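A quick write-up on the structure given underneath.
Nothing here was measured: the structure is a model prediction, and the numbers come from that model. Naming: A, B, ... by sequence-line order, numbering from 1 per chain.
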Amino acid sequence: MLNLKFTRNPPLVIEKLQKKNFNASAIVGNIIELYQQKNKLQVQAEQAKAEMNKISAEVGNLMRQGKKDEAEIAKARTSEIKENIKQFDLDFAAIEEKVYELQVQLPNLPHDSVSVGKGAADNEIVKRLGEIPVLPENALPHWELAAKYNIIDFELGVKLTGAGFPVYRGKGAQLQRALINFFLAEASKAGYEEIQPPLMVNEASGFGTGQLPDKEGQMYHATIDNLYLIPTAEVPVTNIYRDVIVEAKNLPYKNTAYSACFRREAGSYGKDVRGLNRLHQFDKVEIVQIAHPEKSYETLEDMVKHVESLVQKLELPFRILRLCGGDMSFTSALTYDFEVFSAAQKMWLEVSSVSNFESFQANRLKLRYRDETTKKPQLAHTLNGSALALPRIVAALLENNQTPEGIKIPKVLVPYCGFDIIN
RNA sequence: GGUGAGGUGGGUGAGUGGCUAAAACCAGCAGUUUGCUAAACUGCCGUACGGGAAACUGUACCGCGGGUUCGAAUCCCGCCCUCACCGCCA
């Protein structure tokens with residue numbers, strides 16, 4: 001949710017949001033108009049309330065002095081004021097609601113470095129590293145490798161739960177565990193405090209990170225208890241900082257968490273969902289930072305470096321994209337996507353998305369830091385990224401490392417796996 | 001699932017109708033004193049939204065929502081949450 005302070009500079013907001021192909025002029029215009037009405041009303045309402053308070057105090061004094069008649073006279077003055085206050089409050093609430101409705105429609109302002117673009121095709125490749133492996137003629141896609149070596153059973157998952165809930169077994173399960181441990185260990189080394197969060201969250205948390213109310217359909221909802229299965233550890237971890245004021249000198253806060261992630265993915269079918277490409281339940285290690293506004297872009301670079309080091313150590317060919325305005329999420333100010341090349345599918349697969357949300361999330365979360373000079377609470381910046389999401393990493397590892405002897409495990413993972421080949 | 005207790009500022013916790021943004025203590029900040037540390041003393045120490053060039057000032061907020069009243073942290077109603085004990089159980 002965009003801080004209303006931005007709307008005090010309408011041309012800037014409108015110009016910036018054009019990058020996201022979003023025409024904000026009508027909304028911003030309405031907000032400003034409503035805002036002025038709201039302030040006018042607030043002045044009137046507060047004057048009336050101040051008078052009420054004064055009369056009440058008077059009545060109290062008169063009563064104590066035993067001047068009952070005078071108190072009665074004072075009381076008589078209140079009924080009209082009371083009616084006015086009631087009406088002011090109703091009007092005020094109505095305007096506030098309207099402002100809010102408009103406010104939540106505004107996407108986050110993109111960072112200056114974000115380029116104009118319509119969609120994925122316009123994203124800027126900022127880095128590309130690693131050789132794309134040359135596979136033999138009879139190379140298999142990962143879902144066939146998974147069946148061949150009996151390490152991931154998609155059909156069994158359908159039996160137990162449904163499509164998109166694969167069962168990992170044997171070395172497949174061990175590989176999952178190894179990846180999780182590897183990612184967590186790397187994050188710890190980089191100074192992130194590890195968190196084991198709840199996998200279900202309440203409404204307030206869903207709201208805090210922006211999944212609710214609009215993206216409700218993305219999450220599994222346990223209606224009896226009104227709890228939501230988390231779509232990412234970002235939700236519980238970032239909500240740790242909901243409604244808190246932190247000390248500036250303690251920034252940045254760095255957290256990492258492994259969690260299973262649950263996504264309904266309603267409406268996505270077809271080729272892209274084959275195998276591990278898109279699942280309803282998957283594993284991910286997330287990194288989250290709470291940063292000082294002046295430092296948050298350094299923080300973003302820091303996180304990108306961290307994710308980069310992970311894909312490099314896994315020896316996967318990858319590229320980093322700076323998302324264009326048209327492909328960025330509603331909430332992000334700047335996003336880098338990581339894609340690894342899955343050699344049998346011959347596809348780039350997104351395995352991480354690292355974003356700076358600036359104060360967009362913090363505004364909803366009421367996450368503030370106390371400025372060291374002014375001592376005033378200010379909105380902090382929140383950032384997060386996958387480090388990393390497992391399924392597509394596994395897909396690429398299986399496909400890229402397939403050999404006639406079996407699937408080679410990258411060196412860095414061998415100590416975590418306890419084996420160096422799947423055969 | 002049953003029964004009971006309770007939700008007040010960063011923390012503990014007082015407050016049962018007006019003089020309460022809310023005692024006291026702890027933590028925190030600034031200062032005084034002091035060989036150092038420690039201690040002692042003094043002051044400050046909520047948030048949001050308004051008005052004002054500013055000094056300053058108004059309003060709201062004691063889990064959330066409604067009600068009673070001239071006036072509500074305090075009384076009434078509804079909801080949410082937490083804790084304790086019992087039962088069941090990883």
[atom1] atom, [N] versus [M]: distance in rounded Å?
N: B:rA24; M: B:rG13; atom1: C1'; answer: 8 Å
N: B:rA5; M: B:rC19; atom1: P; answer: 31 Å
N: B:rA54; M: B:rG43; atom1: C1'; answer: 25 Å
N: B:rC29; M: B:rU20; atom1: C1'; answer: 25 Å

inquiry  = Taking any heavy-atom pair under 4.0 Å as a contact, classify A:Ala74: base, sugar-phosphate, or nothing.
reply    =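 Nothing, no heavy atom under 4.0 Å.
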A:Asn53 near the nucleic acid: base, sugar-phosphate alone, or nothing, with a heavy-atom cut-off under 4.0 Å?
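Sugar-phosphate contact only.
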**Prompt:** Per the side-chain hydrogen bond (donor to acceptor under 3.5 Å, both in side chains) rule, which among A:Glu234, A:Gln289, A:Arg364, A:Gln361 passes with A:Thr382?
**Reply:**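 Going through A:Glu234, A:Gln289, A:Arg364, A:Gln361 one by one, the side-chain hydrogen bond (donor to acceptor under 3.5 Å, both in side chains) with A:Thr382 is satisfied by A:Gln361 alone.
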Margin query: With salt bridge (Lys or Arg N to Asp or Glu O under 4.0 Å) as the test, pick out the partner of A:Arg77 among A:Glu70, A:Glu72, A:Glu58.
Written below: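 Exactly one pass, corresponding to A:Glu58.
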| For A:Phe419, is the NZ or CZ atom of A:Lys171 found under 6.0 angstrom from the centre of its six-membered ring and inside 45 degrees of the ring axis? |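 Yes - A:Lys171 lies over the ring of A:Phe419, closer than 6.0 Å to its centre and within 45° of its axis.
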**Q.** Lys/Arg cation over aromatic A:Tyr416: A:Arg177, 6.0 Å, 45° cone
**A.**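 Relative to the ring axis of A:Tyr416, which defines the angle, A:Arg177 lies outside at least one limit.
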- [ ] Whole angstrom is fine here: how far is it from NZ in A:Lys375 over to C1' in B:rG46?
- [x]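 Answer to the nearest Å: 15 Å.
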Q.
Could you tell me how far apart A:Leu34 (CG) and B:rC49 (P) are, to the nearest whole angstrom?
A.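 About 18 Å, once rounded to whole Å.
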For B:rG1, which nucleotide is its Watson-Crick or G-U wobble mate, given both distances must be under 3.5 Å?
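Across all strands, the one nucleotide that pairs with B:rG1 is B:rC86.
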Please tell me which of A:Lys5 and A:Ser56 maps to the more 5' nucleotide of RNA chain B, matching each residue to the nucleotide holding its nearest heavy atom.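 Final value for this comparison: A:Ser56.
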On RNA chain B, check which nucleotide each of A:Glu46 and A:Lys38 is closest to and give me the residue with the more 5' one.
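The residue mapped nearer the 5' terminus is A:Lys38.
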Next on the checklist: With a 4.0 Å cutoff (strictly under), does any side-chain N or O of A:Lys40 reach OP1 or OP2 of B:rG51?
Outcome noted: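 No, outside the criterion.
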* Asked: Can you check whether A:Arg368 has a side-chain N or O nearer than 4.0 Å to OP1 or OP2 of B:rU47?
  ->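 Checking B:rU47 against A:Arg368, no side-chain N or O comes under 4.0 Å of OP1 or OP2.
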| field | Options B:rG71, B:rG18, B:rA48, nucleotide nearest the side-chain atoms of A:Pro377 | value |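 So the side chain of A:Pro377 is nearest to B:rA48.
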Practice problem: Taking only the side-chain heavy atoms of A:Thr78 (C-beta and beyond), determine which of B:rA60, B:rC70, B:rG18 contains the nearest atom. | Solution: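 Within the option list, the nearest is B:rC70.
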